[in-house]
Amino acid sequence: MDKVNKLMTTLVKRTEEEGYEIEQAPTPQPTEDEVLIRVTKVAICGSDINLYKWNDVAKVIAALPFTPGHEATGIVVAKGSEVKRLEIGDRIAVENHFYCGDCYQCKINRGDICSKMSQYGHGKGTIHGGCSQYSILSEKYCYKLVHNISDVEAVLLEPMGVAHNAIERLEVKGERVLVIGCGPVGLLAVACAKALGATEVIAADILPARLELAKKMGANIVINSRDGGTNHVKEEIMRITGGDGIGRICEASGAAMMLNGCFSYLRKGGRVTILGLPKQPLHVENVLQDIVFKSLTICTVHGRRIFHTWEECERLIAEKKVDAKVVVSHDLPMSKYKDAFQSLLSGQACKIVMDPQT
Ligand SMILES: [Zn+2]
Ligand SMILES: [Zn+2]
C-alpha cells in the first residue's frame, strides 16, 4: 500500500491574475463517501486556458479559489467510512461532471447534463482538482478502470468520452463522416468514428500538422480549410459525394463560421453533432433550404454518459481499436506547468499531460 505524505504539492488559482501558484498544502483526509487519490496523470484541456488566463469565460465556468485540472486519473490511497464500491489500490479516472443526484435529469439517469452540476477542477462545488499530488472526491464520480490501460490512456478517457458521446449520437455505422476541427477531441472523434463503423472519415482543419495526426487516427481524406474556410470544405464535400452532401457531421472546431456553414453541405436527412464551443450566435442564412426542408437531426453533447461512455472508451483502448495517446504532444512533470501552458497558448501543443508527482 502507498504511504500517504502529510504534505502535497498542488497548483492553486487564488486571484484573477493570469497563471497558477504552486504550493505545499496539507494532504486532505477523506470522510464519508470520499476517496483520496494519488494523482498519476492530469491532462490540460482547451478550456483550462480560460481558467489560466481568467478571462470572461472563466468567470462563468469557474469560481475562485480552486485547484485546476478536471481531467485526472489516479490510485485510491485512502477512503471514508461510507465508501462501498472502491478499495485501496483501485485505479480510477475522474468524471468531473459532479451531478447532484436530485434534479430531473439526475432522476432519469442523465447526470451528465445535471441542472445543478458542480465541476471538479473549476472551484464549482469543490476546491479540488487534478493538478495536485493528491486529490479528494466522492466515490460516485470515480470511474473504476477495469482494463490494464496506461495512465496516459486513462487520463484521456475524459476528452475521448466527449468525442465518443458525440459519435454515438451521430449513428455513424455504414456512413461517411466529416469531422470539422482536429483538436484533441476532434482527433479522438475521428478515431471513434472509425471504431464505431464509419465507412470513410473526412477530417478538416487549418493546421497541416493536425491533419497529419487525423490520418494517424484513421482519417481517409483530409481537407485543409485555412484558405476558403467553410466554402472550401463545401466544395470538397460536394465533389467527394457527387453533389449529395455528407450525411454525418461532427462539429468539433468551435469556429462559428464552420458551424454556420456546415448545414449547406449536409445531406438531406442527415445528422450533425455539435461539441465545439462557438463564442458567437448560430447564424444560418438559408433556414428553409439548409435546415427545415432537409429533415435534419441536430444533436449536442456536454461531457460523457455516466458511466456508459467510460466503459466503451476504455474497452476501445484496451482492444486497440483506438490509439488515444497519438493526441499527446507533451508529457511533462507538473513542476513545468508554466511551460505546458506556454506551449498550449502558442498553439504548438496538441494534448498535454502532466505528472503531479514530479
Ligand atoms: Zn476537458
Ligand atoms: Zn442533478
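Numbering of residues begins at 1 and proceeds along the displayed sequence. All values reported here derive from a predicted model rather than from experimental measurement.
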Salt-bridged, R91 to D151, with N to O below 4.0 Å? yes
Please tabulate, for the side chains in residues 208-218, all donor-acceptor contacts under 3.5 angstrom to protein atoms that are two or more places apart in sequence or on a different chain.
| unit_1 | atom_1 | unit_2 | atom_2 | d |
| --- | --- | --- | --- | --- |
| R210 | NH1 | C182 | O | 3.3 |
| R210 | NH2 | A349 | O | 2.9 |
| E212 | OE2 | K215 | NZ | 3.2 |

Reference residue R304; test side chain to side chain donor-acceptor pair (under 3.5 Å); the match among N165, N96, T309: N96
Would you say E71's side chain and P159's backbone share a donor-acceptor pair under 3.5 angstrom? no
A43 and D48: which non-hydrogen atoms are nearest, and at how many Å? O-OD2, 4.0 Å
Between H164 and E168, does a side-chain contact (heavy atoms from CB on, under 4.5 Å) hold up when you go through it step by step? CA-CA 6 Å; H164 187 277; E168 250 191 348; 3.6 Å; yes
Would you tell me whether S81 and E32 have side-chain atoms, one donor and one acceptor, within less than 3.5 Å of each other? no
Residues which pass side chain to side chain donor-acceptor pair (under 3.5 Å) with Q357, listed by chain and number, not counting sequence neighbours: Q133
Keeping K13 on the side-chain end and E17 on the backbone end, is there a donor-acceptor pair under 3.5 Å? yes
Please tell me whether R305 and N109 have a donor and an acceptor in their side chains that are separated by less than 3.5 angstrom. no
With the side chain counted from C-beta on, respond yes when D339 and H330 share a heavy-atom pair under 4.5 Å apart, and no when they do not. no
With distance as the sole test, does K107 use its side chain to make a donor-acceptor pair with the main-chain N or O of G101 at under 3.5 Å? no
Restricting to non-hydrogen atoms, name the atom on H70 and the atom on S47 that form the minimum distance, rounded to 0.1 Å. CE1-OG, 3.4 Å
Residue pair Y265 / T241, side-chain heavy-atom distance below 4.5 Å: no
Can you list the residues that meet the side chain to side chain donor-acceptor pair (under 3.5 Å) rule with W54, with sequence neighbours excluded? none
Side-chain contact, heavy-atom cut-off 4.5 Å: L282 with N260? yes
Counting only heavy atoms not in E285, do more than 12 fall under 6.0 Å of its CD? no
Before you tell me yes or no, could you show the steps for C250 and I167 under side-chain contact (heavy atoms from CB on, under 4.5 Å), namely the whole-Å CA-CA distance, both residues' side-chain angles and the distance that decides it to 0.1 Å? CA-CA 7 Å; C250 175; I167 294 299; 4.2 Å; yes
I'd like a table of donor-acceptor pairs (distance under 3.5 Å, sequence neighbours excluded) in which one partner is a side-chain atom from residues 288-302, with atom names and distances.
| unit_1 | atom_1 | unit_2 | atom_2 | d |
| --- | --- | --- | --- | --- |
| K294 | NZ | F263 | O | 2.6 |
| K294 | NZ | L266 | O | 2.8 |

For G254, is there any backbone N or O sitting under 3.5 Å from a side-chain donor or acceptor partner on E251? yes
Just wondering, do Q105 and M117 contact through their side chains at under 4.5 Å, heavy atoms? no
Do C103 and S115 have side chains that approach each other closer than 4.5 Å (heavy atoms only, starting at C-beta)? yes
Taking atom types as modelled, is there a side-chain donor on Q29 or T31 under 3.5 Å from an acceptor on the other? no
Quick one: CD on E175 to CD1 on I249, what's the gap to the nearest 0.5 Å? 12.0 Å
Excluding sequence neighbours, so at least two apart, what forms side chain to side chain donor-acceptor pair (under 3.5 Å) with E139? none
Please check: side-chain N/O of S132 versus main-chain N/O of G129, any donor-acceptor pairing under 3.5 Å? no
ring-ring contact (aromatic ring centres under 6.0 Å, His included) partners of residues 337-358, not counting sequence neighbours, each pair once: Y20-F341, Y52-F341
Using modelled atom types only, decide if a donor and an acceptor are shared between the side chain of T73 and the backbone of I92 within a distance under 3.5 Å. yes
Judged by atom type as modelled, is there a donor-acceptor pair below 3.5 Å linking the side chain of N5 to the main-chain atoms of T27? no
Any pair with a residue in residues 189-241 that passes ring-ring contact (aromatic ring centres under 6.0 Å, His included), sequence neighbours left out, goes on the list, sorted by first then second residue, please. none
Between CD on residue Q119 and CD1 on residue I61, distance to nearest 0.5 Å: 7.5 Å
What do you reckon, is CG of L86 surrounded by more than 12 foreign heavy atoms closer than 6.0 Å? yes
Between R248 (side chain only) and L170 (backbone N and O only), is there a donor and an acceptor less than 3.5 Å apart? yes
Among all residues two or more places apart in sequence or in another chain, which pass the side-chain contact (heavy atoms from CB on, under 4.5 Å) test with T358? P333, D355
Is there a chain of hydrophobic side chains (I, L, V, M, F, W, Y, each step under 4.5 Å between heavy atoms) that links L51 to L64? yes
Taking all heavy atoms of V39 and all of A72, pick out the closest pair and write down the distance. CG1-CB, 4.3 Å
Which heavy atom in A166 sits nearest to a heavy atom in T273, and how many Å separate them? O-OG1, 3.4 Å
Minimum side-chain heavy-atom gap E23-T10 below 4.5 Å: yes
Residue set satisfying side-chain contact (heavy atoms from CB on, under 4.5 Å) with I136, at least two apart, ordered chain then number -> P28, P30, E34, L36, H128
By side chain to side chain donor-acceptor pair (under 3.5 Å), which residues pair with Q280, not counting sequence neighbours? none
Any donor and acceptor pair, going by atom type alone, linking the side chain of T67 with main-chain N or O of L11 inside 3.5 Å? yes
For the backbone of F307 and the side chain of E95, can you confirm whether one donor and one acceptor N or O come within less than 3.5 Å of each other? no
Between K140 and Y99, is a side-chain contact (heavy atoms from CB on, under 4.5 Å) present by the stated rule, with each step listed? CA-CA 9 Å; K140 63 178 182 281; Y99 55 89; 3.7 Å; yes
For K79, which residues count as a salt bridge (Lys or Arg N to Asp or Glu O under 4.0 Å) partner, sequence neighbours excluded? E87
Apply the test side-chain contact (heavy atoms from CB on, under 4.5 Å) to residues Y143 and E311: give CA-CA distance (whole Å), side-chain angles for both, the deciding distance (0.1 Å), then the verdict. CA-CA 9 Å; Y143 171 68; E311 291 159 358; 3.9 Å; yes
Atom pair CD/CG of E314 and N148 - distance to nearest 0.5 Å: 9.5 Å
What donor-acceptor contacts under 3.5 angstrom involve side-chain atoms of residues 322-329, with partners at least two apart or in another chain?
| unit_1 | atom_1 | unit_2 | atom_2 | d |
| --- | --- | --- | --- | --- |
| D323 | OD1 | K325 | NZ | 2.8 |
| S329 | OG | C350 | N | 2.8 |
| S329 | OG | K351 | O | 3.3 |

Got L137 and C142 here, is their nearest side-chain heavy-atom distance under 4.5 Å? yes
Between S138 and D33, the two heavy atoms sitting closest are OG-OD2, 2.9 Å
Do K279 and V57 have side chains that approach each other closer than 4.5 Å (heavy atoms only, starting at C-beta)? yes
Which atom pair, heavy atoms only, marks the closest approach of A204 to V233? CB-CG2, 4.2 Å
